[in-house]
Amino acid sequence: MVGSFLNVVVWRLPRGESLLYPPSHCPKCNHAIRPWENIPIISWLCLRGRCSGCGLPISVRYPLGESATGILFWIIWHQVAQRQLPISIIGGYFFVVSALLCAALIDLEHRIVPDSLTFTGMGLALCLAAGFPMSRLALSRPDDPAAGNLICHWALERVGGADWPARLPLAAAAMDWLLGLLMGFCLLAVVAEAGKRVWWGFTKRKRDIMGYGDVKLLAMLGAFFGADACIFILLLASVLGFLYGVLAPLFPKGRGRPSLPFAPFLAAAGFLWMAFGNPVFLLFRGGQGDF
Ligand SMILES: [Zn+2]
């Protein structure tokens, strides 16, 4: 059902339409979608992918988006249970999965990442940090090596001593939020500004190498997952983008296809972080005592 709503978001948000009104209808014959025609996946299969009013094909992206959302939610749920993370984080995680899916699909089609998505995420992350500070701090607890948040721990120790999180969980969680937000923003803002200048230096033409939509998307991920996550997510997204750039021309369909925007790679890397934590950290730590 969330996936069904996300389909609406992906279609209407970049077009500036209201998400709630008008209710779902066929774009050709205006046939209002009846409740039984709006059951995720099942209705599309029963209607054999066609509008019951005029027979216009209904895009396969609807059942695909619904299935993908369901599968991604299930993976997150499973990982949260397995790593015994606090259950209060699941709402925020589900929001991030949804936002990443929408950001990736909207960026693919329109080459923008809407501010309303990323700003909502940053605000929600702050609300969750304020509402459930212990859950947020538990995400970077030392005994879960996949979730180590070294930068925040380092900063917390400098500012208030090692026991700061225990004494003032709210302030510590808010600081984790702020550090992540700044780290995400600064990392990609540097890339965006440097790219602009290098392009200008070589071609004497103005062009954005990286849009600020991507910058704000990484800032949102930092706001949810902390400063360490930004570094890992940016590294992984760059590797994924590089692999795509190298491999895509090898396939006949990839020839002449315009290069992909960056948000889908950021989204994939962000999801992998959420589901599996930080493998780089595990690698360095080697599972033995202190880092
Ligand atoms: Zn129709």
Side-chain angles (χ1 to χ4, degrees), residues 1-77 90-121 123-124 211 213-214 216-217 220 244 248 251-268 270-271 274:
M1 288 168 78
V2 173
S4 184
F5 176 69
L6 296 184
N7 278 321
V8 175
V9 172
V10 168
W11 180 264
R12 294 190 184 181
L13 197 61
R15 290 173 174 81
E17 297 172 20
S18 159
L19 296 183
L20 300 174
Y21 188 85
S24 304
H25 59 273
C26 169
K28 190 182 170 202
C29 69
N30 257 337
H31 167 77
I33 310 294
R34 285 171 284 212
W36 69 267
E37 292 172 337
N38 216 358
I39 304 164
I41 307 170
I42 296 166
S43 287
W44 189 87
L45 292 174
C46 291
L47 292 165
R48 289 168 209 280
R50 290 186 177 280
C51 167
S52 66
C54 64
L56 186 79
I58 306 167
S59 170
V60 74
R61 64 194 278 169
Y62 289 96
L64 281 183
E66 287 152 5
S67 319
T69 309
I71 292 166
L72 296 180
F73 275 24
W74 182 82
I75 293 174
I76 291 296
W77 177 267
I90 202 84
Y93 270 37
F94 282 171
F95 173 88
V96 178
V97 174
S98 310
L100 289 179
L101 205 57
C102 290
L105 292 174
I106 292 173
D107 201 23
L108 274 173
E109 198 178 342
H110 303 273
R111 299 294 151 116
I112 51 159
V113 180
D115 282 346
S116 44
L117 268 183
T118 44
F119 287 159
T120 306
L124 180 65
D214 297 322
K216 284 174 263 184
L217 186 62
M220 182 197 87
Y244 176 84
F251 300 98
K253 266 178 102 181
R255 241 175 265 266
R257 187 190 289 166
S259 58
L260 272 185
F262 196 49
F265 297 112
L266 276 179
F271 179 78
M274 243 186 295

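As the structure is a computational prediction, the values presented were derived from the model and not from experiment. Counting starts at 1 for both ligands and their atoms, in listed order.
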Q: Please determine if the Zn ion (ligand 1) has an N/O/S atom from H31 lying under 2.8 Å away.
A: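 Checking the Zn ion (ligand 1) against H31, no N, O or S atom falls under 2.8 Å.
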Might you confirm whether atom [atom1] of [X] has over 12 heavy atoms from other residues, nucleotides or ligands at distances under 6.0 Å?
| X | atom1 | answer |
| --- | --- | --- |
| R61 | CZ | no |
| R34 | CZ | yes |
| L47 | CG | yes |

Q: Without swapping roles, check the side chain of T118 against the backbone of D115 for a donor-acceptor pair under 3.5 Å.
A: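 Yes, because the side chain of T118 sits within donor-acceptor range (under 3.5 Å) of the backbone of D115.
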Q. What angle, to the nearest 10°, do the atoms SG (C29) and SG (C54) form about the Zn ion (ligand 1)?
A.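 It is 100°, given to the nearest 10°.
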Q) What does the angle at the Zn ion (ligand 1) come to, between atom SG of C26 and atom SG of C51, rounded to 10°? A)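 Rounding to the nearest 10 degrees gives 110°.
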